[in-house]
K.L.:
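Can you read through this structure? Questions will come right after.
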Amino acid sequence: MKHEDVAKQIIKNVGGADNINNAWHCMTRLRFNLKDEKQVDYAALEKIAKVVGTKYQSDQLQVVIGTDVADYFAPIAKELGLDENSQQDDGEKKGAVSLFMDTVSGVFGPIVPAIAGAGMIKGLMAGLVALNVISNQTDTYLIIDMIASGVFTFLPFFVAASAARIFKTNQYLAVAIAATLQFPTMTNAVAEGSLSAFKLFGVIPVPVFNYAGTVIPIIFAVLALSYIYRWVDKVLPQVLRTVFTPTISLFVAGLVTLTIIGPISIHLGNLLAAGVAWLFSISPVLAGIVVGAIRPIAIFTGLHHAMTPIALQNFANQGYDMLMPMMFMANMAITGATAAIYTKVKSKEEKSLVLSSAVSGLLGITEPALFGILSKYKKAFIAATVGSSVASAFISFFGVRIYGYILSSIFSLPAYIGQYFIFAVLGILIALISSFVITYMLVPTEQAEDDEFTNEVDLHSVAEGSYVPLEDVPDEVFSTKMMGDGYAINSVDGAVFAPVSGTVTTVFPSKHAIGIKTGNGVEVLVHMGIDTVTLDGKGFDVPIKVGDKVTADTKIAQMDLDYIHSQGKETMIIVVITNMDRVLKFSGERNLEGQHQAGALLERALLNG
């Protein structure tokens with residue numbers, strides 16, 4: 001049965017849309033605020049295949065679905081005219097930089113293989129050209145360059161499709177926005193250089209810019225599209241939505257992108273370029289410190305293209321340039337930080353991706369390392385930034401310069417042969433070693449998932465405290481094992497640790513619940529307190545995030561027991577395996593009653609396949 005069909009049945013059996021004041025969801029349950037509870041048909045609700053159980057508590061109707069509850073809430077929100085995102089508690093508020101990097105990481109995750117493959121080819125070809133092994137004028141080179149450069153030239157298309165998935169909007173409309181930015185009318189105007197702006201309706205300027213290879217304009221364009229699409233779809237009558245929602249959304253989002261989002265992004269790059277030129281006029285060493293620090297984030301956002309004209313102008317005016325050597329140092333620092341991550345990850349797939357990204361960075365193509373690796377490991381990104389800044393300041397102090405434009409790769413080193421060669425080499429070593437060492441020190445080593453190739457999963461005590469059988473938990477959803485089997489702990493200090501080794505799959509916005517998946521596919525829910533979703537995240541500190549690897553000694557949360565008790569809430573921590581179809585039986589080898597230390601082995605779940 002489709003999610004939409006289940007949603008309609010649930011709405012019908014809770015008394016219809018007219019009986020619903022509001023609806024939202026927590027980690028496992030749909031929650032409804034109703035006008036009249038007597039209109040609820042509990043028997044019919046519980047006959048719906050996906051509904052695990054129902055409960056009316058604290059003036060709310062709770063319909064237990066499971067950890068995929070969000071998939072069912074989305075169509076319910078649409079039917080009721082609610083914003084499916086606003087109905088969740090905001091919970092943890094991320095900083096702007098952290099949120100931006102997480103978003104870019106999410107957008108680029110699926111694209112990384114294409115970027116990494118193309119980057120490796122492009123870097124190798126550039127190296128062979130730099131060593132005079134091949135010429136970049138042959139047909140063979142041009143053909144291979146098409147294979148390698150296509151991804152980077154048309155990167156906005158890839159970004160648009162992936163960003164649409166992140167922002168939950170139509171992928172094809174998102175790609176249409178990317179096509180708008182790179183339509184021949186725009187690219188030809190850029191190439192000819194005779195036009196600075198088109199005139200929309202004869203009045204509104206549409207600046208002419210080269211958007212090839214850009215990242216930020218299309219990410220914000222798709223974000224804008226997602227809001228425009230939802231608003232238009234909500235306002236229009238049902239009968240008009242199929243045709244007019246995409247029409248109006250594309251038209252409005254396209255205009256906003258061409259007139260506001262795109263130009264602002266390009267102007268930010270130009271502003272960065274002007275700032276760099278000003279720094280050089282004050283002190284090359286100061287420029288080295290600052291440029292080295294901002295270069296990784298500039299590449300990350302696509303603003304680094306604005307630095308190239310400065311370098312080219314320096315060649316024309318002075319016959320040499322000191323900016324490109326700093327770009328070289330940044331690339332090497334990014335490579336060093338990425339190489340250090342190789343020592344931290346455990347899976348063969350991750351090691352392979354990290355290695356190819358590091359080699360690509362060494363060859364001068366850093367996008368795979370930045371988007372695929374360092375965006376996920378923010379401490380490594382910081383290490384690359386520090387290494388880049390230190391190495392750039394070092395070479396600037398000794399006046400390292402280059403006399404011709406060349407890709408900043410390890411193959412460009414011969415271009416520095418002369419009086420500055422030794423300082424260029426030392427700068428490379430500083431960039432590589434410092435970023436590697438700092439990353440190695442800051443980024444924790446991922447623990448091998450011991451359960452990955454076994455047929456069992458160890459369940460550890462999630463906190464220091466007394467054991468509570470699941471049957472005694474004062475919440476029928478857990479005590480009747482609707483959600484699965486497991487245990488509960490009455491914590492003595494509020495420190496919460498992972499009950500299993502695995503990967504964090506969910507951190508609920510209100511912080512009261514965390515999902516973890518083991519290497520062999522067992523899904524474990526850690527639910528902190530009873531009905532604590534209503535606390536809006538207050539009383540909970542959650543240092544981990546989705547995608548983090550955890551083991552039984554990883555602290556995943558800290559509960560403020562006094563505060564939670566003061567709000568009249570139960571603080572016991574409940575641990576359940578939600579996909580019990582994977583479990584054959586529990587070993588039952590231990591006496592679980594009494595006090596346990598955090599991390600103590602409680603049970604062993606034997607799997608059925």
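Counting begins at 1 with the first residue of the sequence. Being a predicted model, the structure only gives us computed values, none of them experimental.
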K.L.:
Applying salt bridge (Lys or Arg N to Asp or Glu O under 4.0 Å) to Lys545 and Asp548, what does each step give before you reach the verdict?
P.N.:
CA-CA 6 Å; Lys545 63 182 184 302; Asp548 284 354; 3.2 Å; yes
K.L.:
Rounded to the nearest 0.5 Å, what's the gap from OH on Tyr227 to OG on Ser249? Could you check?
P.N.:
14.5 Å
K.L.:
Where do Ser501 and Ala552 come nearest, in terms of heavy atoms and distance?
P.N.:
OG-N, 4.3 Å
K.L.:
Does the pair Arg230/Asp233 count as a salt bridge with the N-to-O cut at 4.0 Å?
P.N.:
no
K.L.:
What are the two closest heavy atoms between Pro499 and Val462, and how far apart are they?
P.N.:
CD-CG2, 4.2 Å
K.L.:
If you measure from CD1 on Ile489 to CD on Glu464, what distance do you get to the nearest 0.5 Å?
P.N.:
10.0 Å
K.L.:
Quick one, Val522 and Leu607 - any side-chain contact, counting heavy atoms below 4.5 Å?
P.N.:
yes
K.L.:
Can you check whether Thr439 reaches Ile341 side chain to side chain, under 4.5 Å on heavy atoms?
P.N.:
yes
K.L.:
Taking Asp493's backbone N and O only, do any of them form a donor-acceptor pair with Gln558's side chain (distance below 3.5 Å, no angle check)?
P.N.:
yes
K.L.:
Can a side-chain donor-acceptor contact be found between Thr503 and Lys517 if the only test is distance below 3.5 angstrom?
P.N.:
no
K.L.:
Is the closest side-chain heavy-atom distance between Glu523 and Thr505 below 4.5 Å?
P.N.:
no
K.L.:
Side chain to side chain contact (heavy atoms under 4.5 Å, CB included) with Thr343: which residues, sequence neighbours excluded?
P.N.:
Phe436, Tyr440
K.L.:
Taking all atoms of both residues into account, what is the closest heavy-atom pair of Leu374 and Ala380, and its distance?
P.N.:
CD2-CB, 3.7 Å
K.L.:
Determine whether Ile10 and Phe32 make a side-chain contact, defined as any pair of heavy atoms from C-beta on separated by less than 4.5 Å.
P.N.:
yes
K.L.:
With a 3.5 Å distance limit and no angle check, can you tell me whether Lys585 reaches the backbone of Leu606 through a side-chain donor-acceptor pair?
P.N.:
no
K.L.:
Would you please name every residue forming a ring-ring contact (aromatic ring centres under 6.0 Å, His included) with Phe157, sequence neighbours left out?
P.N.:
Phe154
K.L.:
Going through the checks in order, is the side chain to side chain contact (heavy atoms under 4.5 Å, CB included) test met by Val40 and Leu45?
P.N.:
CA-CA 8 Å; Val40 178; Leu45 269 177; 3.7 Å; yes
K.L.:
Looking at Tyr377, does the NZ or CZ of Lys344 lie under 6.0 angstrom from its six-membered ring centre and within 45 degrees of the ring axis?
P.N.:
no
K.L.:
In the structure I gave you, are the side-chain heavy atoms of Tyr487 and Leu470 within less than 4.5 Å of one another anywhere?
P.N.:
no
K.L.:
Which residues satisfy the side chain to side chain contact (heavy atoms under 4.5 Å, CB included) test with Lys538, sequence neighbours excluded?
P.N.:
Tyr563
K.L.:
Decide yes or no for Ile573 and Met559: does some side-chain heavy atom of the first lie under 4.5 Å from some side-chain heavy atom of the second?
P.N.:
yes
K.L.:
Salt bridge or not between Asp531 and Arg31? Use side-chain N to carboxylate O under 4.0 Å.
P.N.:
yes
K.L.:
Under 3.5 Å, side chain of Asn19 to main-chain N/O of Val14, donor-acceptor pair present?
P.N.:
yes
K.L.:
Answer yes or no: is there a donor N or O on one side and an acceptor on the other, between the side chain of His460 and the main chain of Gly599, under 3.5 Å?
P.N.:
yes
K.L.:
If you take all heavy atoms of Thr338 and Ala369, which pair is closest and at what distance?
P.N.:
OG1-CB, 3.3 Å
K.L.:
Where the side chain of Ser461 meets the backbone of Ala463, is there a donor-acceptor pair that is under 3.5 Å apart?
P.N.:
yes
K.L.:
Pair Glu37, Tyr42 - check side-chain hydrogen bond (donor to acceptor under 3.5 Å, both in side chains), show working.
P.N.:
CA-CA 10 Å; Glu37 191 234 337; Tyr42 285 98; 2.5 Å; yes
K.L.:
Rounded to the nearest 0.5 Å, how far does CZ of Phe540 lie from CD1 of Ile514?
P.N.:
9.5 Å
K.L.:
Quick check: does any side chain N or O of Gln171 sit under 3.5 Å from a backbone N or O of Ala161, one acting as donor and the other as acceptor?
P.N.:
yes
K.L.:
Do Asn13 side-chain atoms and Gln9 backbone N/O form a donor-acceptor pair below 3.5 Å?
P.N.:
yes
K.L.:
One pair to check against side chain to side chain contact (heavy atoms under 4.5 Å, CB included): Asp536 and Thr534. What are the steps and the verdict?
P.N.:
CA-CA 5 Å; Asp536 296 330; Thr534 60; over 6 Å; no
K.L.:
Before you tell me yes or no, could you show the steps for Ile20 and Leu34 under side chain to side chain contact (heavy atoms under 4.5 Å, CB included), namely the whole-Å CA-CA distance, both residues' side-chain angles and the distance that decides it to 0.1 Å?
P.N.:
CA-CA 5 Å; Ile20 301 172; Leu34 304 176; 4.0 Å; yes
K.L.:
Rounded to the nearest 0.5 Å, how far apart are CG of Leu223 and CD1 of Ile228?
P.N.:
9.5 Å
K.L.:
Can you tell me if Thr532 uses its side chain to pair, donor with acceptor, with the backbone of Met528 under 3.5 Å?
P.N.:
yes
K.L.:
Go through Phe586 and Arg604 one step at a time and tell me if the side chain to side chain contact (heavy atoms under 4.5 Å, CB included) criterion holds.
P.N.:
CA-CA 6 Å; Phe586 289 102; Arg604 179 165 286 131; over 6 Å; no
K.L.:
Distance-only, no hydrogens or angles: does the Thr554 side chain make a donor-acceptor pair with backbone N or O of Thr551 under 3.5 Å?
P.N.:
yes
K.L.:
Please answer whether the main-chain N or O of Thr242 pairs with a side-chain N or O of Thr245 as donor and acceptor at a distance below 3.5 Å.
P.N.:
no
K.L.:
Once salt bridge (charged side-chain N to carboxylate O under 4.0 Å, His left out) is applied, do any residues pair with Lys481, and if so which ones, sequence neighbours excluded?
P.N.:
Glu471, Asp485
K.L.:
Check ring-ring contact (aromatic ring centres under 6.0 Å, His included) between Phe478 and all other residues, then give those that pass, not counting sequence neighbours.
P.N.:
His527
K.L.:
Kindly indicate whether the side chain of Val504, heavy atoms from C-beta on, has any atom under 4.5 Å from the side chain of Val507.
P.N.:
yes
K.L.:
Provide the closest heavy-atom pair for Lys351 versus Tyr342 in the form atom of the first, atom of the second, distance.
P.N.:
NZ-O, 2.7 Å
K.L.:
Taking the side chain as every heavy atom from C-beta outward, state whether Phe73 and Ile65 have any atom pair closer than 4.5 Å.
P.N.:
no
K.L.:
Nearest heavy-atom pair of Gly361 and Thr335: which atoms, and what distance?
P.N.:
C-OG1, 3.1 Å
K.L.:
Would you please name every residue forming a salt bridge (charged side-chain N to carboxylate O under 4.0 Å, His left out) with Glu593, sequence neighbours left out?
P.N.:
none
K.L.:
With rounding to the nearest 0.5 angstrom, report the OG1 to OH distance, Thr169 to Tyr229.
P.N.:
7.0 Å
K.L.:
CG/Asn579 to CE/Met483 distance, rounded to the nearest 0.5 angstrom?
P.N.:
10.5 Å
